[in-house]
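Structure, as structure tokens:
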Amino acid sequence: MPKITLPDGSVREYENAVTGLDIAMSISEGLARNVLSVEVDGEVWDAFRPIEKDAGIKLLTWDDEKGKATFWHSSAHLMAEAVEQLFPGVKFGIGPDIENGFYYDMDFGEINLTEADLEKIEKKMKELASQKQTFMREDISKKDALAYFENKNDQYKLELISELEDGEITLYKSGSFTDLCRGPHVPDTSKIKAIKLTSIAGAYWRGDETRQMMTRIYGITFPKAKMLEEYLVKLEEAKKRDHRKLGKELEIFMFSQRVGQGLPMWLPRGAEMRERLENFLKKIQRQYGYKPVITPHIGNKDLYVTSGHYEKYGQDSFRPISTPVEGEEFLMKPMNCPHHCEMYKFKPRSYRDLPVRYAEFGTVYRYEQSGELHGLTRVRGFTQDDAHIFCRPDQLEEEFIKVIEIVLKIFKTLGFQDYTAQISLRDPNNKEKYIGSDDNWEKSESAIINATEKMGMDTITEIGEAAFYGPKLDFMVRDALGRKWQLGTIQVDYNLPERFDLEYVGADNERYRPVMIHRAPFGSMERFVAVLLEHSGGKLPLWLVPDQAIVLPISEKYENYAKNVVDLLQNSDIRTLVDNRAEKIGKKIRDAELSKVPFMLIVGEKEEAEGLVSVRRHGEGDLGQFTIESFVEVVNTRLEEELS
RNA sequence: GCCGAUGUAGCUCAGCUGGUAGAGCAGCUGAUUUGUAAUCAGCCGGUCGGCGGUUCGAGUCCGUUCAUCGGCUCCA
């Protein structure tokens with residue numbers, strides 16, 4: 001006689017074991033149609049699995065993330081079934097649901113799958129889905145499970161099973177396909193109405209590059225055809241916002257094969273924009289007591305031997321630069337901290353001098369793997385808005401808080417409201433991956449946790465994600481389309497002060513070791529600008545945008561007046577262009593709209609006669625006529641709002 | 001680095017089964033002198049990513065290499 005408690009607190013009693021579907025049916029038929037799975041005391045179950053004991057349940061539909069996950073996981077099975085029918089003998093790895101859809105890793109042996117095959121599989125899936133195949137759950141002993149997949153000659157499933165405990169193994173069967181699976185699944189395949197296999201890619205078995213390369217097929221499915229259409233439209237929108245496309249269109253940056261892969265070059269409009277960002281941060285840093293420093297682009301190899309980076313990354317980096325002196329080697333600097341450590345050592349430091357905060361927009365070079373390069377977000381040469389804070393252990397938490405303030409100020413100014421702060425701690429079961437004493441790790445981890453708590457921040461904590469030298473706090477932002485990007489980072493480091501033998505003299509005249517904080521609120525200028533472009537869709541804030549206004553004379557007759565307007569605006573520090581082409585005003589407006597200039601100033605007979613401009617706002621339209629002075633004021637007010 | 005795909009004018013793209021390149025936009029020139037998202041005409045522009053091969057003949061087929069894209073892995 002299970003007693004079932006629903007989320008609203010109501011309790012229903014049933015005579016016998018009851019399934020999620022039964023419960024849904026007893027509420028309404030519509031709900032029963034929509035239910036995908038059911039959460040039973042916090043665990044997601046099949047909606048068709050009998051509940052025998054008292055439980056608190058929640059019926060999951062497409063509107064629940066967990067319901068979606070069930071839907072997509074079942075879709076992965078459906079795809080596997082289709083593949084197995086079309087390509088008998090294919091072996092299966094894993095096929096989970098993901099944030100947007102699902103994938104399945106499969107070993108096709110000698111067969112080379114092409115995009116055209118995706119359509120075939122898709123078609124087969126639709127056929128199978130419409131057969132309304134039910135999913136069946138079956139508990140199976142380890143022995144029987146091994147025997148089953150032994151028979152199928154699927155070494156991947158055998159490997160997975162070998163790692164499972166007897167008694168916790170289940171199979172799911174739908175149509176002709178049986179899979180090792182924890183579940184849960186949707187009641188039947190007919191719920192899967194719209195199917196799109198999106199891409200095909202290679203993926204190492206269990207993410208290990210020394211192991212078999214499998215074929216991964218990504219797909220997404222929906223319960224309604226319209227949802228798929230909307231999703232595809234959203235994908236198109238995302239493509240339009242791609243910073244690689246916008247960077248080209250807006251002339252922000254470029255790459256050249258001849259210069260080299262992953263080596264971005266900032267075009268004038270991009271370089272000016274970057275300078276504005278840098279100046280904005282420099283001003284804040286001055287207020288927070290940072291001192292600018294400048295260091296060279298290369299450093300002696302010994303510097304990185306001392307820092308420990310050479311040992312860890314030397315083999316995967318740009319090769320050292322040799323000199324006429326036998327045995328002398330330099331490295332392109334992969335980070336700025338070793339240089340800054342040496343600067344700390346320039347003179348003896350007193351406890352009164354700390355914290356010392358050295359800031360530098362430092363360009364660094366890292367040999368990223370070629371397949372990993374991606375626009376401005378992943379490059380081989382980039383500029384960090386780097387700074388290193390050398391402080392006493394008792395100052396650590398306070399300094400950490402101040403850095404967080406800077407990061408939050410930047411995010412606020414640039415409109416990244418939706419961010420996640422992730423605390424990355426070390427994996428206590430895998431301590432040999434990290435350097436530094438247990439004691440130091442504990443101290444720095446608690447400093448980060450305390451600082452975020454005092455700032456009242458929402459954080460997520462990831463165990464095992466720390467850098468090898470210390471824990472960190474990373475800021476991830478979501479862009480307008482919900483994609484996640486890592487930007488700012490704050491990292492505690494007890495290791496480099498040790499390796500560089502950094503010291504300060506305490507009040508008791510004893511020598512002590514300072515703590516170091518690495519921090520970069522933007523992360524890198526390249527990545528930040530990339531994210532900013534995608535976040536804004538190229539409609540940059542007025543204070544950053546390359547050209548703030550463009551004057552559009554109606555005809556040649558008003559060119560002189562247009563020139564006057566440009567001069568006046570430039571004198572008021574408004575970045576202004578003029579379009580003097582012999583084109584009609586409609587064409588000039590169209591081109592200006594496409595190039596995303598925030599303000600278009602149309603000038604013709606009326607404007608010249610009365611000393612006015614007709615203002616059109618990008619994406620909004622005509623704002624009416626303004627005097628030059630009042631337009632300047634509109635711009636300045638807007639700038640103040642943005643930077644306040 | 002690995003798997004797969006792609007690579008034609010500054011940009012976006014066409015070019016069927018091999019017969020020696022084409023459009024729109026941009027640019028230039030001229031005409032037009034224009035009132036809130038494309039005025040018209042003419043012209044310029046490509047050793048079809050590079051190298052090698054097959055062939056009477058290759059943008060089209062093969063090999064190789066470089067770059068880009070989608071993933072995997074990695075990210076001081």
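This is a predicted model, so every value here is computed, not measured. Numbers restart at 1 for each chain; the letters A, B, ... are given by sequence-line order, proteins then strands.
The number of heavy atoms from other shown groups lying within 6.0 Å of CD (A:E620) is above 12.
We find that CG of A:D208 is positioned 9 Å from P of B:C74, with the value rounded to whole Å. Between the P atom of B:U33 and the OH atom of A:Y558 lies a distance of 12 Å, rounded to the nearest Å. Taking atom CG on A:L552 and atom C1' on B:A38, their separation rounds to 14 Å, with Å as the unit. Between A:I554 atom CD1 and B:U34 atom P the separation is 9 Å, expressed in whole Å. Nucleotide B:G70 holds its C1' atom 15 Å from the OH atom of A:Y103, rounded to whole Å. Between the NZ atom of A:K333 and the P atom of B:A76 there is a distance of 18 Å, given to the nearest Å. Remark: C1' of B:A26 and CG of A:L594 are 12 Å apart, rounded to the nearest angstrom. Across the protein-nucleic acid pair, A:N580 atom CG and B:U34 atom C1' stand 14 Å apart, rounded to whole Å.
Residues of residues 582-590 of chain A that place a heavy atom closer than 4.0 Å to RNA chain B, in numerical order, are A:A582, A:E583, A:K584, A:I585, A:G586, A:K587, A:I589, A:R590. Of the residues in residues 599-610 of chain A, those with a non-hydrogen atom less than 4.0 angstrom from any atom of RNA chain B are A:I602, A:G604, A:E605, A:K606, A:E607.
With distances taken from any side-chain atom of A:P334 to the nucleotides B:U36, B:U33, B:A76, the minimum falls on B:A76. The side chain of A:E593 lies closest to B:A37, out of B:A37, B:U12, B:C74. When distances are taken from the side chain of A:M213 to each of B:C3, B:U33, B:C74, the shortest belongs to B:C3. In the set B:U36, B:G70, B:U33, the nucleotide with an atom closest to the side chain of A:S555 is B:U33. Of all nucleotides listed (B:A37, B:C2, B:C74), B:C2 comes nearest to the side chain of A:Y204.
Between A:F222 and A:Y231, the ring-plane angle classifies as tilted under the 30° and 60° cut-offs.
Ring stacking is absent between A:Y218 and B:G71, as the pair misses the limits of under 5.5 Å between centres and under 30 degrees between planes.
Partner assigned to B:A5 is B:U68, using Watson-Crick or G-U wobble distances below 3.5 angstrom. Within the shown strands, nothing qualifies as a pairing partner of B:U33 under the Watson-Crick or G-U definition with both distances less than 3.5 Å. Checking B:G22 for Watson-Crick or G-U wobble geometry (two distances, each under 3.5 Å) identifies B:C13 as its partner. Pairing of B:G42, defined by two Watson-Crick or G-U wobble distances under 3.5 Å, is identified with B:C28.
With respect to A:D242, the salt bridge (charged side-chain N to carboxylate O under 4.0 Å, His left out) criterion is satisfied by exactly one of A:K239, A:R244, A:K245: A:R244. Just one residue in the list A:E526, A:K248, A:E534 forms a side chain to side chain donor-acceptor pair (under 3.5 Å) with A:H243, and that residue is A:E534.
Sorted by first and then second residue, the side chain to side chain donor-acceptor pair (under 3.5 Å) pairs with a member in residues 593-612 of chain A read A:E593-A:R616, A:E593-A:H618, A:E607-A:S614, A:E607-A:Q625; sequence neighbours excluded.
Taking the centre and axis of the six-membered ring of A:Y365, the NZ or CZ atom of A:R380 falls outside the cone set by 45° and 6.0 Å. Taking the ring centre of A:Y103 as origin, the terminal cationic atom of A:R216 falls inside the region bounded by 6.0 Å and 45° from the ring axis.
Each of A:K557 and A:H518 lies near RNA chain B, and the nucleotide nearest A:K557 is the one positioned closer to the 5' end. Heavy-atom distances to RNA chain B give each of A:D591 and A:A467 a nearest nucleotide, and the one nearer the 5′ end belongs to A:D591.
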